[in-house]
Amino acid sequence: MATPAKNIEGFYKQKKSNTSKSKSTKHAAATSSSSIAQPPALVSQGGSLDLKDDFDEEEQVLRQFDMNMAFGPCIGIPRLDRWERAQAMGLNPPKEIESILKRCKVKPQSLFDGRI
Amino acid sequence: MEVDSPEQLQRKQSTYLSFDENFEIQKEVYRGQQYSQIYFARLHCMRALLYSLVPNWKSHLPVCTVLGLEEGKECIIVGTLYKHMKLKPCILDEYSKERSVAPLVKPHNFIHQDDYLVLEDESGRVKLGGTVLSPSVYVTGVVIALHGKETSAGAFFVEDVLEAGLPPQIERQLKSREDKYVVFVSGLSIGSSSSNPLLFQLLVDHITGHLGDEEEQGLAAEIVHLVIAGNSVEISRGLLNGQNLASKDQSRLSEPFKELDIQLTQIAASLPLDIMPGSSDPANFSLPQQPLNRCLFPGSATYNTFRSCTNPHCFELDNIRFLGTSGQNIDDLTKYSEAKDKLDFLESTLRWRHLAPTTPNTLGCYPFTDRDPFLIDSCPDVYFVGNQEKYETRLVKGSEGQSVRLICIPRFCETGVAVVVNMRNLECHALTFGMQFSS
């Protein structure tokens with residue numbers, strides 16, 4: 001049976017920046033009233049719901065780097081190694097990517113890691 | 001009469017330099033990468049090279065990417081070729097309900113007249129049309145530049161092709177040299193039912209100077225190096241069917257190596273030798289094959305003249321560069337393309353500047369991430385391939401004065417032929433061993 005209309009806004013995740021999520025099971029939906037299980041793509045390693053990435057600016061910058069075809073495919077190679085390879089090949093990857101990767105606590109693998 | 005003449009023959013020597021570090025994979029770490037990485041590395045290096053050659057070819061045309069093609073506009077695109085082959089074995093054929101297309105008997109060569117070529121780069125792919133580019137000559141994995149325009153059907157009509165051509169060659173001073181010979185042999189297949197141990201023993205005796213009179217020994221003293229290009233042993237298939245071997249059969253596994261080691265010890269005591277792995281040797285399957293383990297050769301590995309090398313193998317003797325493989329690259333080209341003879345395949349790999357363009361598509365290869373080790377940067381003086389049907393050789397001249405001796409080394413167990421190259425003038429001849437019992 002389809003979910004009732006008043007649950008539509010509950011089904012789609014809402015742009016709340018500081019909702020703290022408890023690390024409960026997958027069935028605990030992003031917002032409380034959806035009865036449909038969260039699609040697995042949103043659940044990253046560790047079981048926590050992968051919603052915060054959309055708001056993390058540095059992750060956005062890194063994802064743009066992942067998606068840039070000029071530096072080659074991003075799957076199966078850590079981001080820093082891909083940056084260093086691009087540097088060695090003379091492709092001039094943006095320096096800020098290197099500083100983000102070395103400095104912060106960011107994901108070392110590309111956005112497709114674990115999903116493909 | 002003096003039995004021992006006071007003057008002893010000395011074997012000539014030459015300086016040896018190995019360039020095999022490129023083909024070693026000990027430092028590589030597998031992190032789950034796919035083959036897209038090696039294709040990217042290949043396209044990047046070759047495209048940079050082709051972009052530098054395009055102004056000399058057709059400087060008035062713009063260069064664009066596949067996605068930047070506009071209908072009717074003449075331009076130049078550079079990318080990797082993909083050949084769609086109807087008869088190429090595909091795992092999905094096993095699952096298809098209708099079996100009419102796939103023949104029950106697999107042909108040795110998978111060419112079909114309906115094969116077509118597609119050019120790919122990171123932005124997209126485009127089907128290639130026109131009659132200039134013949135699909136039977138090319139294989140998947142070659143990077144080339146094409147001049148043409150996009151048709152209304154969305155295909156790219158090819159008007160002209162630019163291959164990378166022979167790589168630059170370092171000039172060698174060949175004139176002031178003396179006669180020094182390098183012997184190539186491949187396909188010894190010790191342990192197979194068709195190999196004759198006497199023929200290899202004759203070869204060893206000739207090279208080490210145990211045969212013949214002073215003149216022949218003098219000729220043997222001018223041999224400075226021996227290269228064994230793969231398939232030195234053959235283990236009978238019945239022993240490798242996955243079942244546990246009885247203890248009496250276990251010795252049959254190691255007998256071919258013991259026999260080979262005895263022969264190699266005789267050779268290593270006398271002159272430097274390189275042994276490369278082949279498709280039937282106990283080395284890894286995918287290229288680049290790593291050197292055979294020295295434990296397999298307890299007798300000969302103690303000599304410093306014994307060198308276990310990678311496949312492909314690149315080395316320099318007295319500044320003459322040798323490059324070659326044990327045959328898997330050319331055999332794969334034979335299956336997926338056609339040419340008049342094996343030397344044409346060899347020449348094509350040089351013109352495409354890639355030792356094995358069909359890796360990793362149809363030939364196994366290690367998934368490198370940052371480089372493609374099979375790219376040929378510097379033109380060799382001698383380019384050889386082992387384990388072919390017959391001895392063939394040709395001298396190829398490049399457009400910038402390069403000169404390469406191409407050699408197909410035949411399988412020794414079938415033909416009894418080894419190949420000898422004179423380093424003074426790069427001339428090549430065959431050394432045939434046979435047994436004729438005249439009655």
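Values reported hereafter were calculated over all heavy atoms of this structure, with side chains retained and with hydrogens, waters and symmetry mates removed.
More than 12 heavy atoms of other residues, nucleotides or ligands shown are found within 6.0 angstrom of OH on B:Y30. Other residues, nucleotides and ligands place more than 12 heavy atoms under 6.0 Å from the NZ atom of B:K88. Residue B:Q34 qualifies as open at atom CD: its count of foreign heavy atoms under 6.0 Å is 12 or below.
Contact detail for A:I75 and B:Q37: the closest heavy-atom pair is O-NE2, 2.7 Å. Here the shortest heavy-atom pairing between B:F40 and A:P73 reads CB-CD, 3.6 Å. The shortest heavy-atom contact between B:R31 and A:P78 is NH1-CD, 3.6 Å. Considering every non-hydrogen atom in both A:R85 and B:T369, the closest pair reads NH1-O, 2.7 Å.
Atom CG in B:L67 sits 12.5 Å away from atom CE in A:M69 (nearest 0.5 Å). With rounding to the nearest 0.5 angstrom, the CD1 atom of A:I77 is 7.5 Å from the CG atom of B:D370.
Of the two parts of B:A48, neither the backbone nor the side chain holds a non-hydrogen atom closer than 4.5 Å to a non-hydrogen atom of chain A. Looking at A:A70, only its backbone comes within 4.5 Å of chain B, counting heavy atoms on both sides.
Looking at B:E122 and A:F71, their side chains never come closer than 4.5 Å, going by heavy atoms from C-beta outward.
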